[in-house]
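Mind looking over this structure? Questions follow.
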Amino acid sequence: MTTEPLPGPSVPEPSGVDLARVALRAAKEQAKARGAAAQQKKQARRGGGLRSGARADGRDPLPLGAAINRLITERGWETPAAVGGVMGRWPQIVGEDLAKHCVPLRYDEDPDERVLTVQCDSTAWATQLRLLAPRLVARLNEDLGHGTVRVIKVLGPGGPRRGYGGPLRAPGSTGPGDTYG
């Protein structure tokens, strides 16, 4: 059994002009593809095709303050930076008199602790600060955000370092307080 084509609409064979059009269209598409590839390479060499212009973009330099704020935010340093700012503004927060006699030493940012340690130059000022501590914690949390400071640890004046190894030391003694129980 031989199969012969079924009669139907016949498709004319492309003539010379039609073949030329098809070849021209294919050549144009290939040239367009080569040009797009070359353009992408060129843009990649120039920085991804971004062009500088009159409007701001991500490549523009930042002012110092904005760059520092972005760094603080990216690194998660908001709380330590805010507490450091408080230490710099200590006289405005607690008052000039108290600031002359009490100095913030450190801040423990552990979420369970959040302790601001302050040292005073006399026991009287340390007592005064202990009495003012609840109001001061409220004031600091108002500035820094709720719960930033939970406790203020007040240290009294630091005395001179005692050395217990002088020439008048008795054998077995633990220092000047060993005879007082």
Side-chain angles (χ1 to χ4, degrees), residues 40 43-181:
Q40 285 177 348
Q43 286 178 349
R45 273 184 274 156
R46 274 196 237 145
L50 294 176
R51 299 208 181 264
S52 63
R55 294 193 172 60
D57 63 13
R59 300 175 301 149
D60 288 342
L62 292 174
L64 182 62
I68 289 174
N69 287 339
R70 189 165 101 185
L71 178 70
I72 287 171
T73 303
E74 286 173 356
R75 303 284 173 114
W77 296 340
E78 289 93 353
T79 302
V83 172
V86 164
M87 290 183 178
R89 294 181 295 124
W90 185 250
Q92 290 86 16
I93 293 171
V94 299
E96 291 294 327
D97 289 340
L98 194 60
K100 287 178 188 173
H101 301 283
C102 302
V103 179
L105 294 179
R106 65 185 160 273
Y107 173 71
D108 183 13
E109 64 178 302
D110 180 30
D112 297 332
E113 300 292 324
R114 296 191 177 175
V115 176
L116 178 66
T117 304
V118 180
Q119 184 167 25
C120 299
D121 62 2
S122 72
T123 54
W125 282 106
T127 303
Q128 180 69 22
L129 187 61
R130 284 187 191 102
L131 292 172
L132 293 173
R135 279 194 274 165
L136 190 55
V137 167
R139 169 83 168 96
L140 289 170
N141 285 329
E142 193 177 293
D143 268 8
L144 303 173
H146 181 68
T148 304
V149 177
R150 290 187 181 167
V151 177
I152 294 181
K153 181 179 177 182
V154 180
L155 303 177
R161 186 178 177 281
R162 295 191 214 182
Y164 296 119
L168 301 177
R169 183 169 179 214
S173 101
T174 58
D178 69 341
T179 58
Y180 298 109

What is the distance from atom CG of L129 to atom CG of L155, rounded to the nearest 0.5 Å?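 L129 CG to L155 CG: 10.0 Å, rounded to 0.5 Å.
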Can you find a heavy atom in the side chain of I93 that is under 4.5 Å from one in the side chain of L136?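 Answer yes - side chains close enough.
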Would you call L132 and I152 a side-chain contact if the rule is heavy atoms closer than 4.5 Å?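 The answer is no, as the side chains (C-beta and beyond) never meet within the 4.5 Å cut-off.
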Hey, can you pull the donor-acceptor pairs under 3.5 Å for the side chains in residues 115-123, sequence neighbours left out?
from	atom 1	to	atom 2	distance (Å)
Q119	NE2	G156	O	3.2
D121	OD1	H101	ND1	3.3
D121	OD2	H101	ND1	3.0
S122	OG	W125	N	3.2

Please report the closest heavy-atom contact between Y107 and V149, naming both atoms and the distance.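 Smallest heavy-atom distance, with atoms named: CE1-CG2, 4.0 Å.
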Which residue pairs pass the salt bridge (Lys or Arg N to Asp or Glu O under 4.0 Å) test when at least one of the two sits in residues 124-139, sequence neighbours left out?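 Of all non-adjacent pairs touching residues 124-139, those that pass salt bridge (Lys or Arg N to Asp or Glu O under 4.0 Å) are R139-D143.
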Please determine whether the number of non-hydrogen atoms from other residues, nucleotides or ligands lying under 6.0 Å from atom CZ of R150 exceeds 12.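 Correct, the count exceeds 12.
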Using the test side-chain contact (heavy atoms from CB on, under 4.5 Å), find all partners of N69 that sit at least two apart in sequence or belong to another chain.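 None.
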